[in-house]
K.L.:
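Attaching a single structure in structure tokens format; questions to follow.
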Amino acid sequence: MLEIMTTWSEKMLQVLRRMNNFYSPGSSRTTCLRFEVGGEQVGWVSSKVASILSTFPEVFNPPQGGAITLCQNLDSYGRRSEAVDSVLQSLRREGLLTVLKGWRDEKYEVMPRFCDTPLMCMERSATSLFGVKRYGVHINGYCQDEHGELRMWVGRRSMTKQTYPGKLDNLAAGGLAAGISVKNTLIKECEEEACIPKDIAETARPVSTVSYTYEDEEGVFPESQFVFDLELPPEFKPKIGDGEVQDFYLYSMDKVKELLISDDFKPNCAMVVLDFLIRHSYIQPDTGLHQYNQSMTWDNIVIKTRQRLQICR
């Protein structure tokens, strides 16, 4: 039994490491340039992307002091947004960057921190090229069965999704588009993806924020997800809405825990569910995450896990 628990723990930690690999030894962080707007760092740009951006001198200054910046005359939200969008549209037509093939026609705000005034907006698919932090809303949907045990609703992403097609996901989730509030995003995603009425969606409780930074061949992804728990009536069943989800399953927490470490789960959604398991005490001292050394207490294990999740209450 101990061996099984250790295997689960180690696999879960592998997911956490993967989702924070930008800070791991050997990552591109040491060679990336800071992306600065209005004197504030808002992202990370690889040397390859910086070279491409430098071919647009009317928008981007040559790299200097470890940073790439916008030209001085681009001194307002509107001017910056319009100029960068023009560059991205040009790069999209040229087909130089594969990530732009996933163009969404959806804008994300660009700012140093969530509470700051946005400095510009940017096409969603391009944010990883600039390492701009993206925000989203994730909803843990659950109910109690006839025995009072919690069961969780898990969605399976459509095979036509641009990212992680066919993977298991939270009940509903979505990125925070420019000009849309967290609450409105919550209600919108619940209705569109799972046909959850507004009056039910509004009962969701804000519980935590899960943040991480990973990199892959498409760039750098600093992300922060606003997490909500939504207890659904036992008789309520989510329905397929806009087609982004192809099916919904109601699983016991043991089954959810088993699926969490499989390749079948979208990694960042697995982190959101892990947070749920910790908060609802489904990870106990004798079934917890693998101890880093023999002297670590259960409290330290939970603290370490929360540090990896970078949970901000």
Side-chain angles (χ1 to χ4, degrees), residues 34-45 49 53 56 59-60 68-71 73-93 97 99-139 161-163 169-170 172-193 198 201-202 204 206 209-214 218-228 241-242 244 268-269 272 312:
R34 301 184 308 278
F35 177 42
E36 295 181 355
V37 177
E40 299 260 25
Q41 181 178 359
V42 295
W44 296 95
V45 177
V49 172
L53 297 179
F56 297 88
V59 178
F60 295 96
I68 188 164
T69 59
L70 298 177
C71 292
N73 64 309
L74 302 175
D75 56 2
S76 69
Y77 180 99
R79 290 188 184 125
R80 294 164 185 150
S81 302
E82 185 177 352
V84 172
D85 190 65
S86 177
V87 169
L88 294 175
Q89 292 282 10
S90 177
L91 293 174
R92 181 189 182 195
R93 289 191 296 270
L97 298 165
V99 68
L100 296 182
K101 293 180 180 179
W103 195 273
R104 302 287 192 97
D105 280 322
E106 181 180 357
K107 295 292 197 303
Y108 275 9
E109 303 281 23
V110 177
M111 57 272 196
R113 294 162 294 275
F114 183 74
C115 58
D116 294 334
T117 301
L119 299 170
M120 58 176 289
C121 65
M122 179 182 294
E123 155 63 29
R124 174 178 177 173
S125 66
T127 53
S128 63
L129 298 175
F130 295 83
V132 167
K133 191 160 190 176
R134 315 195 309 182
Y135 297 88
V137 174
H138 282 241
I139 299 99
K161 288 284 289 181
Q162 293 180 355
T163 57
D169 204 329
N170 303 124
L176 211 59
I180 308 297
S181 69
V182 172
K183 181 178 179 180
N184 286 339
T185 300
L186 163 73
I187 294 170
K188 169 178 167 289
E189 296 299 334
C190 281
E191 182 177 11
E192 290 181 354
E193 294 189 357
K198 180 179 178 181
E202 287 182 326
T209 305
V210 174
S211 301
Y212 46 87
T213 303
Y214 70 95
E218 294 189 339
V220 180
F221 296 81
E223 297 186 342
S224 188
Q225 309 299 349
F226 296 101
V227 180
F228 290 77
D242 58 10
E244 292 195 4
N268 67 327
C269 298
V272 171
C312 306

K.L.:
Kindly write out the residues that satisfy salt bridge (charged side-chain N to carboxylate O under 4.0 Å, His left out) with Glu82, not counting sequence neighbours, or none if the list is empty.
P.N.:
none
K.L.:
Thr117: which residues meet the side chain to side chain donor-acceptor pair (under 3.5 Å) condition with it, sequence neighbours left out?
P.N.:
none
K.L.:
Kindly give the heavy-atom pair with the smallest separation between Arg34 and Gln41, and that separation in Å.
P.N.:
CD-OE1, 3.4 Å
K.L.:
Report, one line per pair, each donor and acceptor closer than 3.5 Å where one atom sits in a side chain of residues 173-183; sequence neighbours left out.
P.N.:
residue: Ser181; atom: OG; partner: Asn184; partner atom: N; Å: 3.1
residue: Ser181; atom: OG; partner: Asn184; partner atom: ND2; Å: 3.3

K.L.:
Return the minimal non-hydrogen interatomic distance between Pro112 and Glu40, and the atom names on each side.
P.N.:
CG-CB, 3.6 Å
K.L.:
State, yes or no, whether a side-chain contact exists between Glu223 and Asn268 at a heavy-atom distance under 4.5 Å.
P.N.:
yes
K.L.:
For a quick test of reading the model, state the closest non-hydrogen atom pair linking Val99 to Ser128 and the distance between them.
P.N.:
CG2-OG, 3.8 Å
K.L.:
What residues form a salt bridge (charged side-chain N to carboxylate O under 4.0 Å, His left out) with Arg80, not counting sequence neighbours?
P.N.:
none
K.L.:
With sequence neighbours excluded, what pairs up with Ser125 under the side chain to side chain donor-acceptor pair (under 3.5 Å) test?
P.N.:
Glu123
K.L.:
Restricting to non-hydrogen atoms, name the atom on Gln162 and the atom on Gly102 that form the minimum distance, rounded to 0.1 Å.
P.N.:
OE1-O, 3.2 Å
K.L.:
Can you sort out the partners of Glu191 under salt bridge (charged side-chain N to carboxylate O under 4.0 Å, His left out), two or more places apart, ordered by chain and number?
P.N.:
none
K.L.:
According to salt bridge (charged side-chain N to carboxylate O under 4.0 Å, His left out), who are the partners of Asp85, at least two apart in sequence or on a separate chain?
P.N.:
Lys107
K.L.:
Under the side chain to side chain contact (heavy atoms under 4.5 Å, CB included) rule, collect the residues that match up with Ser76, sequence neighbours excluded.
P.N.:
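Ser76: side chain to side chain contact (heavy atoms under 4.5 Å, CB included) contacts with Arg79.
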K.L.:
Only counting residues at least two apart or in another chain, list the ones meeting ring pair (Phe, Tyr, Trp, His ring centres under 6.0 Å) with Tyr77.
P.N.:
none
K.L.:
Phe228 versus His138: any side-chain heavy-atom pair under 4.5 Å?
P.N.:
no
K.L.:
So Met120 and Leu74, do their side chains get closer than 4.5 Å, heavy atoms only?
P.N.:
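The answer is no; the side chains never approach within 4.5 Å.
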K.L.:
Which residues pass the side chain to side chain donor-acceptor pair (under 3.5 Å) test with Glu106, not counting sequence neighbours?
P.N.:
Arg124
K.L.:
Just by modelled atom types, is the Cys121 backbone N or O under 3.5 Å from a matching donor or acceptor in the Ser81 side chain?
P.N.:
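Flag set: sc Ser81 to bb Cys121 pair under 3.5 Å.
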K.L.:
Using the test ring pair (Phe, Tyr, Trp, His ring centres under 6.0 Å), find all partners of Phe35 that sit at least two apart in sequence or belong to another chain.
P.N.:
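Phe35 satisfies ring pair (Phe, Tyr, Trp, His ring centres under 6.0 Å) with Phe130 once adjacent residues are dropped.
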K.L.:
Minimum heavy-atom separation for Leu88 to Leu100, with atom names?
P.N.:
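So the minimum-distance heavy-atom pair works out to O-CD1, 3.8 Å.
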K.L.:
So do the side chains of Val59 and Ser86 get within less than 4.5 Å of each other, counting heavy atoms only?
P.N.:
no
K.L.:
Using ring pair (Phe, Tyr, Trp, His ring centres under 6.0 Å) as the criterion, list what pairs up with Phe114, not counting sequence neighbours.
P.N.:
Tyr135, Phe226
K.L.:
So which heavy atom on Val42 is nearest to which on Met111, and how close?
P.N.:
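Where Val42 meets Met111 most closely, the heavy atoms are CG1-C, 3.8 Å.
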